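Presented below is the structure to which this report refers.
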Amino acid sequence: MTATHTPIGIRRQAASLVKRAGVRMTRQRHVVLEVVLSSCDHPTAATIYERCRQHLTGISLATVYNSLEAMTEAGIINHLHFDNGPSRYCANLVPHVHMQDEVNDRVIDVQLKEGLRPEDVFDLPEGARVCRMDACLHGFIPDTVQTV
C-alpha cells in the first residue's frame with residue numbers, strides 16, 4: 001500500500017489504518033500520521049517534527065517520537081534503520097526493500113518484480129516463510145529516479 005498523496009486520500013488511509021490497528025488517535029498523532037503518509041522521502045523524526053510544526057505549532061519532539069513509536073508498534077508505519085544514520089519512517093506497507101544512495105543519502109522504495117515473492121529470490125531453508133522484509137540496498141540512484 002503506497003501513500004495516497006491527496007489530502008482526502010491521506011485522511012481516508014489514515015483513518016482506515018488507525019481503525020484496523022486500534023490505536024487511540026489524538027490530534028497530535030493524527031498530524032504525525034498525515035505527515036508520514038504524505039511523505040515519499042522516508043523522513044527522519046526530526047524532519048517529521050518540522051513538518052508537523054507547520055500544522056500544529058505546539059507539538060513537541062517527544063510527542064512526535066512517541067507517536068511514531070506507537071504507530072510503528074501497531075504496524076501502521078515502518079521504522080527504518082540505516083547503518084549509523086538516523087532512523088527514518090516509511091508509510092509503504094507493501095513488502096519491499098529500500099535503496100539508499102551512497103552520495104546524497106536519498107532513500108527510495110524498491111518493489112519485487114511482478115510475480116516474484118521473497119521466497120523466489122532468496123535461498124531460504126526448507127519450510128521457511130517470509131512474513132515481512134527489512135533490507136537495504138546501497139549504491140547510486142540517478143537523479144532522474146523520482147519517488148512516487
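Because the structure is predicted, anything quoted here is derived from the model rather than measured.
Listed here is the closest heavy atom pair of H30 and M25: N-SD, 3.5 Å. Contact between R88 and D41 at its shortest, heavy atoms only, is NH1-O, 3.5 Å. Closest of all the heavy-atom pairs between L93 and G75 is CD1-O, 3.6 Å. Contact detail for R106 and I141: the closest heavy-atom pair is NH2-CG2, 2.8 Å. Contact detail for V64 and A45: the closest heavy-atom pair is CG1-O, 4.0 Å. The minimum heavy-atom distance linking M99 with F140 is given by the pair CE-O, 3.7 Å.
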H98/L137 under side-chain contact (heavy atoms from CB on, under 4.5 Å): CA gap, chis, key distance, verdict: CA-CA 6 Å; H98 295 93; L137 308 171; over 6 Å; no
side-chain contact (heavy atoms from CB on, under 4.5 Å) between D143 and N104, worked out: CA-CA 10 Å; D143 291 336; N104 64 23; 4.3 Å; yes
Test side-chain hydrogen bond (donor to acceptor under 3.5 Å, both in side chains) applied to H138 and D101, step by step: CA-CA 6 Å; H138 298 265; D101 192 298; over 6 Å; no
side-chain contact (heavy atoms from CB on, under 4.5 Å) between L33 and S67, intermediate numbers included: CA-CA 8 Å; L33 183 56; S67 298; over 6 Å; no
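You'll find the side chain of P118 reaches within 4.5 Å of the side chain of L112, heavy atoms only. Between H96 and V110 the shortest side-chain heavy-atom distance does not fall below 4.5 Å. Contact check for L80 versus S87: no side-chain heavy atoms found under the 4.5 Å cut-off.
Remark: side-chain polar atoms of E119 are paired, donor with acceptor, to backbone N or O of V130 under 3.5 angstrom. D120 places no side-chain N or O within 3.5 Å of a backbone atom of L116 that could act as its donor or acceptor partner. The backbone N or O of E34 sits less than 3.5 Å from a side-chain atom of S38, completing a donor-acceptor pair. Under the 3.5 Å distance criterion, the side-chain polar atoms of T72 are matched with a main-chain donor or acceptor of L68. Counting only distance, with no hydrogens or angles, the side chain of S39 and the backbone of H42 share no donor-acceptor pair below 3.5 Å. Within the 3.5 Å criterion, the main-chain N or O of N92 finds a donor-acceptor partner in the side chain of N78.
If you take OH on Y49 and OG on S60, they are separated by 7.0 Å, rounding to the nearest 0.5 Å. The line from SG of C136 to CD of Q100 is 5.0 Å long, rounded to the nearest 0.5 Å. Rounded to the nearest 0.5 angstrom, E50 CD and I59 CD1 are separated by 11.0 Å. In this structure, the separation between CZ on R29 and CD1 on I76 is 8.5 Å, given to the nearest 0.5 Å. The CD atom of E102 sits 9.0 Å away from the CG atom of D105 when rounded to the nearest 0.5 Å.
Centroid-to-centroid, the aromatic rings of H79 and Y89 come within less than 6.0 Å.
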